[in-house]
Amino acid sequence: MNLQSNDFELFGLAQEFAQDLVALDTRWKALQREAHPDKFSAQGAAAQRVAMQWSVRINEAYQRLKNPLKRAAYLCELQGSPVNAHSNTAMPKAFLMQQMQWREDLEEAASASALEALSADVSTAEKTLLQQCENLLDAQQDYAQAVSVVRCLMFIDKFSEDLAQRFDAFE
Amino acid sequence: MALLQISEPGQSPNPHERRIAVGIDLGTTHSLVAAVRNGVAECLPDAQGRVVLPSVVRYLDATRRQIGFDALDHQTIDPGNTIASVKRLMGRGLADVSHADRLPYALADSAGMVKVRTIAGEKSPVEVSAEILATLRFRAEDSFDEDIYGAVITVPAYFDDAQRQATKDAAQLAGINVLRLINEPTAAAIAYGLDNAAEGIYAVYDLGGGTFDISILRLSAGVFEVLATGGDSALGGDDYDRALVDVFLAQSGLKINSLEDQAAVLAAARACKEALSANDIAPVELELSAGRMDLSVNRAQFEVATAALTAQTLQALRKVMRDAKLSKPDIKGVVMVGGSTRMPQVQKAVGEFFEQTPLTNLNPDEVVALGASIQANQLAGNNPSGDLLLLDVIPLSLGIETMGGLVERIVPRNQTIPTAMAQDFTTYQDGQTALALHVLQGERDLVADCRSLARFELRGFAPMAAGAARIRVTFTVDADGLLQVSAKEQISGVEAQIDVKPSYGLSDDQIAQMLKDSFTTAESDMRARAVVEARVDAQRMLLATQSALSADGDLLSLSERTSIDVAMEKLRQISTSDVAADIESGTKALANATEAFAAMRMNRGIANALAGKNIDTI
């Protein structure tokens, strides 16, 4: 166990997509209890520095593990199929069409309730994709195929952010 | 036969090892200091038995000043030199202060942070706050008849980096060792949660004199995990006062002609607001330079006049609930904090929003200081069995300016701290050998709409074609919520880094000078104090190392053990010296000698945590 261990090793978890989020959360807190700088505040500068490094590393791993999109992308990368979101932008045509439709709906949404309907559609699509991801990563171990699902999820993630901003604008 | 002494449960067995650590709530309207005594957190009173210190400083001439109630009494007589609500000015430029023309004192523009014009010269908000903090420090030292080891100071959760840094500087200026800055709603949650053995998800609604915070926390077995935070660092009771002033002026047709008028009408508004919390109607009588004001305001009028302010807080509630991805039934309780939550319209609005009666069974003025003192006691090492763990978040996103005046977000808001996040950037022109980095905080996409925190340059990497360089910018936010930024060109290895400090013109040297001028009487006192502090630090380091060795000494090889023993022995010898710098260098040497050991101990701790064991409970 060291700062270079991968996120799953650091948290003592099996290297797979399906994770028990409650167990993950409990493990995170157990690790922070050992590593948080507050625990070392009366123990001098050296202990503080080490604690800060570990605490930061544990939070980094936790953020990646608890977010299904980040967890999926990370698993692909660990298996030698990096997502390369910037250089590889090829997307299934049907997915792109749906994206365009959503974008239009977002532009035209005139009320918070219209946004909520759109938001429900998006989260249904997201759930389906996450299910596919789990199947590809854990059962079939088809990482190349998983990468293309992860890319779709990234689009959805970005769209959800824009959706949230529009919610803000209605207030 | 002499009786043998037995220490209290949960306390350090050796009374000399016990350190006095306090929690300080540095508020807009008033401030408090609290400490854990005999296992119980309590606010420390002044000689007259009052726990609240009005956050008011009056400058009488170049050297004399009044702080607290004495200053408050002169607010309407000497408004120009009597500074109240200075917290609203912390880390702010003149352009940021929307209500500057309505303050009863004069502001002066100054690089980075506004200043206040007084008879004693221009005073920065940091200096004014330091006066308040030093007063509380002296109160604590008098209470215990001992120097304080350090303090946890609370800040609004929604304070940005500049406001946090300014608060830390003020504490330093007041001669206080800052153990940690913690967020006010988190401090309140500690006091509330521990007192009531609360478990589950709670909202803390904190409306103070000048700031508003809303935090959503998950409480479980001593862990206080902030899920999301929001608010407005320029919204509070002061704004309700100003709304009432507008009602007075409209009803009476009178105008404000002087700073004295301004101060008088504000004081009347505050009294009226407080009266309306208990009564349906409140009379207002006062003498202004333009004539006599004699009217009355009822609660309905007050509610209408301030409805927009209350609505603003509800908007922040909706946003924070979305950020936390929660809905109203998830919230088990709503804790009300801050004097302004005494207003019935605020309690009603919050109750309606969450569809439950807010918890008002605690003292909204004291709860923040009490929570801070509990954290301080643990950070000082007085409560080794304590299992308090705070997992707080950063309130506002942090980013970097990119081409076209846009902000690229590097650390998103509500990220758990401490955290470090990095992103790669590249050059815009062929042959570029330097990069200007502009660090920003805020949620908007345009640079102009975010707060500028710092600018620095990365220079001297090899010229390359546009887009070929790889510059990794890393943002590190520590457990105080303070930011450090570093940049490194990956190919050449050229690096630069800065601690983000607001540029209000106070260097560390200046702070040291002001410290000397303001809070100590003589040079020799300063030196003696420095030596004592260095010895205390050395002693603390030796004790910490000794206890680490007895717990985990088996991790060390003989030669590793020997080099630590040597460094300890050297420090023991040098700590009798009368030169502070010598002792400090010995402490530093021991810290360096134990760095690898600290890393090994951490590995063991982590391994035990994974095995489901907790060192403290074995």
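Naming: A, B, ... by sequence-line order, numbering from 1 per chain. As the structure is a prediction and not an experimental result, all values here were calculated from the model.
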Would you mind checking which part of [X] comes under 4.5 Å of any heavy atom in chain A, side chain (CB onward), backbone (N, CA, C, O), both or neither?
| X | value |
| --- | --- |
| B/Ala544 | side chain |
| B/Thr476 | side chain |
| B/Ile417 | backbone |
| B/Arg218 | side chain |
| B/Asp478 | both |

Whether A/Ser41 side chain and B/Leu379 backbone form a donor-acceptor pair below 3.5 Å: yes
Backbone of B/Asp387 reached by a side-chain donor or acceptor of A/Arg33 within 3.5 Å: yes
Which heavy atom of [X] sits nearest a heavy atom of [Y], and at what distance?
| X | Y | value |
| --- | --- | --- |
| A/Ala51 | B/Met602 | CA-CE, 3.5 Å |
| A/His36 | B/Leu390 | NE2-O, 3.5 Å |
| B/Ala598 | A/Ala47 | CB-CA, 4.0 Å |
| B/Leu610 | A/Gly12 | CD2-N, 3.9 Å |
| A/Ala45 | B/Ala591 | CB-CB, 4.4 Å |

With a 4.5 angstrom heavy-atom cut-off, which part of [X] approaches chain B: side chain, backbone, both or neither?
| X | result |
| --- | --- |
| A/Gln63 | side chain |
| A/Asn59 | side chain |
| A/Arg57 | neither |

Residue pairs passing the ring-ring contact (aromatic ring centres under 6.0 Å, His included) test where at least one lies in residues 585-611 of chain B, sequence neighbours excluded: none
Test log, rule side chain to side chain contact (heavy atoms under 4.5 Å, CB included), inputs B/Glu595 and A/Val50: CA-CA 8 Å; B/Glu595 180 121 28; A/Val50 173; 4.2 Å; yes
Nearest-0.5 Å distance that lies between atom OG in A/Ser55 and atom CG in B/Leu391: 8.0 Å
Largest heavy-atom contact set with chain A, pairs under 4.5 Å, which of [options]:
| options | value |
| --- | --- |
| B/Glu225, B/Glu443, B/Arg540, B/Gln375 | B/Glu225 |
| B/Thr419, B/Thr416, B/Val477 | B/Thr416 |
| B/Ala479, B/Ala599, B/Ala596, B/Ser220 | B/Ala599 |

Test log, rule side chain to side chain contact (heavy atoms under 4.5 Å, CB included), inputs B/Leu388 and A/Asp38: CA-CA 9 Å; B/Leu388 192 61; A/Asp38 281 359; over 6 Å; no
Any side-chain heavy-atom pair of A/Glu34 and B/Asn608 under 4.5 Å: no
Note, B/Ser547 side chain near A/Gln43 side chain (heavy atom, < 4.5 Å): no
Compile the donor-acceptor pairs under 3.5 Å between side chains in residues 108-117 of chain A and protein atoms, sequence neighbours left out, one pair per line.
residue, atom, partner, partner atom, Å
A/Ser111, OG, A/Ser113, OG, 3.1
A/Ser111, OG, A/Ala114, N, 3.2

Whether over 12 other heavy atoms sit under 6.0 Å from B/Arg444 CZ: no
Top contributor to chain B contacts, counting heavy-atom pairs under 4.5 Å, from A/Ala35, A/Ala30, A/Ala164: A/Ala35
Side chain to side chain contact (heavy atoms under 4.5 Å, CB included) evaluation trace for A/Phe167 with B/Lys319: CA-CA 9 Å; A/Phe167 268 115; B/Lys319 185 154 178 262; over 6 Å; no
